[in-house]
Participant: 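My questions all concern the structure below.
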Amino acid sequence: MSERVTSSTISRFSRMILPAAALILTSCGFAGSRPDALIAVSSNFLSTADALEEAFEASGEFDVDVVAGSTGQLYAQIQNGAPFDVFLAADQERPQLLEKEGLIVEGSRFTYAVGVLSLWTADIDNVKGGYGNLAEVLRESPYQSLAVANPDLAPYGAAAMQTLEALDLLGALQDRIVRGANIGQVYAMVKTGSAEFGFVAGSQVKMLDGGGWSITVPGDLHDPILQDGVLMMRASENGAARAFVDFLRSPEGREIIEQHDYRVPD
């Protein structure tokens, strides 16, 4: 039977795990709330998850909360007993590991989105070289810092490093690369000017409404960013969690995901 997420459960977990992991909490009054389900999402998917949450809750039937962190962080927290009912990762590896570990409902793993990687700067004056040429901008722009999410924890970070290697720029730019724990931190570093450029998710660039300059990284420069979701075993009888997963796979859910600059599988 699933364990209901209670304020005491969350508060206990928050004290023990969440501060160290620097999760991003998106629901107000989290410590005192009693959501029907707790949805853990990779940082790149946060804004999309917020939109999905709003649309899902519009029926008034269920109340869910969303928390975000790097996929590696969330995976580690699940292993330490985090009370997540649904896990939306930025890769396929961690959901597959959870499946092997018997921590998810059998047959619940599915690809909910295919990620898009972008290079972004908040100040277009940083850009030199051909505006439409990724390699030329990286090579000729006079920047000091290029932010990349930790490739060991964040699939978008791994894709960024693969891109630099494919462009034969990894060695030349090594001294300028600065690490963020996750794609959310990379976004913040670029937005605040701590780094002039950063590899972020296409969905994050979409939120900017044209701010700065960005270019989509061609998909053939890195492995596909296939993002899998799973229903946790603890939520096997949680109607809200099951309904949220069904909503993700519905035409309305898929349309919201595509509107946030992801592709969805056939």
Side-chain angles (χ1 to χ4, degrees), residues 42-48 70-72 89-96 111-124 126-191 195-208 210-228 257-258 260-266:
S42 59
S43 300
N44 74 89
F45 200 67
L46 179 56
S47 63
T48 312
S70 77
T71 291
D91 66 7
Q92 293 186 306
E93 179 185 355
R94 274 73 170 202
Q96 288 173 346
T111 300
Y112 65 91
V114 182
V116 174
L117 183 69
S118 294
L119 177 70
W120 171 55
T121 178
D123 186 351
I124 195 169
N126 289 328
V127 181
K128 303 300 178 187
Y131 283 81
N133 188 310
L134 172 65
E136 199 170 300
V137 169
L138 284 169
R139 189 169 50 242
E140 297 187 12
S141 298
Y143 57 98
Q144 298 298 314
S145 301
L146 170 63
V148 175
N150 185 342
D152 294 330
L153 298 175
Y156 282 80
M161 297 302 283
Q162 290 173 345
T163 296
L164 293 176
E165 189 168 5
L167 294 174
D168 198 23
L169 290 173
L170 187 56
L173 300 182
Q174 190 68 53
D175 291 343
R176 296 191 231 177
I177 295 174
V178 293
R179 296 282 180 84
N182 55 54
I183 202 79
Q185 286 192 10
V186 170
Y187 175 83
M189 292 164 73
V190 178
K191 185 174 178 61
E196 294 97 326
F197 288 90
F199 283 103
V200 299
S203 57
Q204 293 172 307
V205 174
K206 189 175 182 65
M207 291 191 306
L208 301 172
W213 170 92
S214 67
I215 185 171
T216 299
V217 176
D220 59 358
L221 294 180
H222 59 80
D223 293 337
I225 306 173
L226 301 177
Q227 303 193 192
D228 277 9
I257 292 171
E258 287 186 309
H260 286 76
D261 211 19
Y262 291 93
R263 292 184 287 116
V264 295
D266 296 331

Participant: How about CZ on R176, more than 12 heavy atoms from neighbouring residues, nucleotides or ligands closer than 6.0 Å, or not?
Facilitator: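 Above 12, so yes.
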
Participant: Counting distance only, does the side-chain N/O of S47 pair as donor-acceptor with the main-chain N or O of Q204 below 3.5 Å?
Facilitator: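 Checked: no pair found.
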
Participant: Rounded to the nearest 0.5 Å, what separates atom CG in D223 from atom CG in L117?
Facilitator: 12.0 Å

Participant: Show the numbers, then the answer: is there a ring pair (Phe, Tyr, Trp, His ring centres under 6.0 Å) between F45 and Y262?
Facilitator: CA-CA 9 Å; F45 200 67; Y262 291 93; 5.3 Å; yes

Participant: Between CG of L164 and CD1 of I177, what distance do you get to the nearest 0.5 Å?
Facilitator: 5.5 Å

Participant: Mind listing the closest non-hydrogen atom pair of R94 and G72 along with its distance?
Facilitator: NH2-CA, 3.8 Å

Participant: Please find the pair of heavy atoms, one from Q227 and one from G115, that lie closest to each other, and give the distance.
Facilitator: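 Residues Q227 and G115, closest heavy atoms: OE1-CA, 4.0 Å.
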
Participant: Looking only at atom types and distance, does a side-chain atom of R139 sit under 3.5 Å from a main-chain N or O of L169, one as donor and one as acceptor?
Facilitator: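 No: the side chain of R139 does not pair with the backbone of L169.
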
Participant: For E196 and Q144, indicate whether the former's side chain and the latter's backbone hold a donor-acceptor pair under 3.5 Å.
Facilitator: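 Yes, E196 side chain to Q144 backbone: donor-acceptor pair under 3.5 Å.
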
Participant: To the closest 0.5 Å, what do you measure between CH2 (W120) and OG1 (T216)?
Facilitator: 14.0 Å

Participant: Using every non-hydrogen atom in the two residues, find where S70 and L153 come nearest and quote the distance to one decimal.
Facilitator: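 It is OG-CB, 4.0 Å.
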
Participant: If you compare all heavy atoms of G184 against all heavy atoms of S43, which two are closest, and at what distance to 0.1 Å?
Facilitator: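 So the two residues come closest at N-CB, 3.7 Å.
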
Participant: To the nearest 0.5 Å, what is the distance between CD1 on I215 and CG on L138?
Facilitator: 9.0 Å

Participant: Taking the inter-plane angle between the rings of Y143 and F197 on a 0 to 90° scale, is it parallel (under 30°), tilted (30 to 60°) or perpendicular (over 60°)?
Facilitator: perpendicular

Participant: For the atom pair OG1 (T163) and CG (L170), what is the distance rounded to the nearest 0.5 Å?
Facilitator: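 If we round to the nearest 0.5 Å, T163:OG1 and L170:CG are 10.5 Å apart.
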
Participant: Determine the minimum heavy-atom distance between R179 and M161, stating which atoms define it.
Facilitator: NH2-CE, 4.5 Å

Participant: Side chains of L146 and L119, heavy atoms from C-beta outward: is any pair under 4.5 Å?
Facilitator: yes

Participant: Looking at side-chain heavy atoms only, is the closest gap between Q92 and T111 below 4.5 Å?
Facilitator: yes

Participant: Under 3.5 Å, is there a donor on one side chain and an acceptor on the other for T121 and N126?
Facilitator: yes

Participant: Are side-chain heavy atoms of Y156 and V186 found at a separation under 4.5 Å?
Facilitator: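 No, too far: nothing below the 4.5 Å cut-off.
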
Participant: Around atom CD of E165, are there more than 12 heavy atoms from other residues, nucleotides or ligands closer than 6.0 Å?
Facilitator: no

Participant: Which value, rounded to the nearest 0.5 Å, describes the distance between D261 atom CG and T48 atom OG1?
Facilitator: 9.0 Å

Participant: Between T71 and A90 (side chain of the first, backbone of the second, donor and acceptor by atom type, cut-off under 3.5 Å), is there such a pair?
Facilitator: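 Side chain of T71 to backbone of A90, a donor-acceptor pair under 3.5 Å: yes, one is there.
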
Participant: If you look at every heavy atom in A160 and V148, which pair is closest and at what distance?
Facilitator: CB-CG1, 3.8 Å

